[in-house]
There are 2 protein chains.
Amino acid sequence: MRLSRVSYQNMSESGSRKRSTYHVGNLAPLLLEEARNLLVEVGPAKLSVRAVSDRVGVSSTAAYHHFANKNALLCHLAAAGFRELHQALRHRPTTTDPQQALRNGCLAYFDFAHRNPQLYQLMFGPEFNTETMIPEYVNARDGAFGELKRIISEVLNLPVDSAKVFSSALASWSFTHGLADLTIHGVLDYPADNLERLMDKAMRGFEYLFERHL
Amino acid sequence: MRLSRVSYQNMSESGSRKRSTYHVGNLAPLLLEEARNLLVEVGPAKLSVRAVSDRVGVSSTAAYHHFANKNALLCHLAAAGFRELHQALRHRPTTTDPQQALRNGCLAYFDFAHRNPQLYQLMFGPEFNTETMIPEYVNARDGAFGELKRIISEVLNLPVDSAKVFSSALASWSFTHGLADLTIHGVLDYPADNLERLMDKAMRGFEYLFERHL
DNA sequence: ACCTGAACACCGTTCAAGT
DNA sequence: ACCTGAACACCGTTCAAGT
């Protein structure tokens, strides 16, 4: 009954370059870089460490000398995403009008998510449960949230540590993340060229909702 | 170089019951049911059609006579989730106070997400891109969104088809989905026993944000 | 019509061995 | 110290064959 099988390493057309060189060195950043490239090509669900290693030109087992496992690699990738998001929030246009300041912050977040949809999905991916998270991921994420709180602190003109700022930052983050996630998942057939319009539309929704309650 | 390998069907301790019976019949619902069970056990990322089939006591290839592929199975599971969410929204407590009506709707949604975190993550999972969606999934999802619009229509006392209702439903959905997603991902170390408090806190955040702008 | 085992092309991960 | 191939235990999916 037992059959002999051909090895799956049978040099098929794609990938698996001869690997003439042995020592590459500085592998971790190369792995991360290629993982990022592959991520935008195939999406977060189909990203594999074998494919990433292959593209770097290194055996797939080499990756395990730099990352504990696939999840750790993904965590570092996601952490880099949160750091970029942090930067994107920092570079939002400034304004003195509080309403405009809020809008600018939300738009900076929203634009980042839509410029990097696969990365954004990875950052909030289902593989990251509370147990498997590494400090790098948590720190980067909390750093971005810190910037969010700073924005709201300006909008409300209150100290960043205040309870009101926390509640409002939570509300804003929930809303903006939710809208980004829903649109990335295609629940709305919105015009891709006009994300600002969609954001404004949703923000006006809150005004309708709250103007009769306050 | 070629080595003969033992078959991976080598009757290891777990699963792979002898399969004495041949014809099971009515397989699709059984598959879906066991998929749901496995989903809450292992989470959306590790759900496999082989494991599901195994638990039903059927060969893994049998599943492909009822679902085009793994994605179709997942779509049906997610669609069932949206139908349950729809029901959960329908059974929210009724009230005449608009602000309470909004709160009740959001809470019903939020509670569903937290009672079914793995299912909720699957419903908005990265594997569902616009191309691979089946009508069943889209219809169920739009059905739930329809109920959301109905709630907002009551809150604003405006017709469901109005632009204001659409904007406000979008705002509410974004916010509630965002808060559910963030908490399920563990970004907040909130007290698990007090979801209502968290929701109220976030909603008060909007009041702080909007009371200076209206 | 419905289900099966065998096979193929992938995965993540470990480990003894090579440089 | 860093990288390798071989191996193991999984995957999704197809297909000719069985009932």
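Note on naming: letters A, B, ... go to the chains in the order of the sequence lines (proteins, then strands), and numbering restarts at 1 for each one. Scope of the values below: all heavy atoms of this structure, side chains included, with no hydrogens, waters or symmetry mates.
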- Query: With both distances kept under 3.5 Å, what pairs with D:dC11, Watson-Crick or G-U wobble?
  - Reply: none

- Item | Pairing nucleotide - D:dT19, Watson-Crick or G-U, each distance under 3.5 Å | C:dA1

- Item | Those residues of residues 61-76 of chain A lying under 4.0 Å from DNA chain D by at least one heavy atom | A:Thr61, A:Ala62, A:His65, A:His66

Could you tell me the separation between the [atom1] atom of [X] and the [atom2] atom of [N], rounded to a whole number of Å?
X	N	atom1	atom2	result
A:Lys46	C:dA9	NZ	P	18 Å
A:Arg50	D:dT4	CZ	P	13 Å
B:Glu127	C:dC11	CD	P	17 Å
A:Leu30	D:dC2	CG	P	14 Å
A:Leu27	D:dA1	CG	C1'	13 Å

- Evaluate side chain to side chain contact (heavy atoms under 4.5 Å, CB included) for A:Arg197 paired with A:Lys201, printing each intermediate quantity in order. CA-CA 6 Å; A:Arg197 193 113 88 190; A:Lys201 191 172 200 162; 5.7 Å; no

- Message: Can you give me the closest heavy-atom contact between A:Thr132 and A:Glu127, atom names plus distance?
- Response: OG1-O, 3.5 Å

- Task: Grab the two heavy atoms, one from A:Ala79 and one from A:Ala140, that are nearest each other, plus how far apart they are.
- Result: O-CB, 3.4 Å

Would you mind checking if [Y] and [X] are paired as a salt bridge, meaning a charged N to carboxylate O distance below 4.0 Å?
X	Y	result
A:Arg103	A:Glu196	yes
A:Arg115	A:Glu84	no
B:Arg55	B:Glu33	no

- Item | Nearest-nucleotide pick for B:Ser59, side chain only, options being C:dG5, D:dG12, D:dT13 | C:dG5

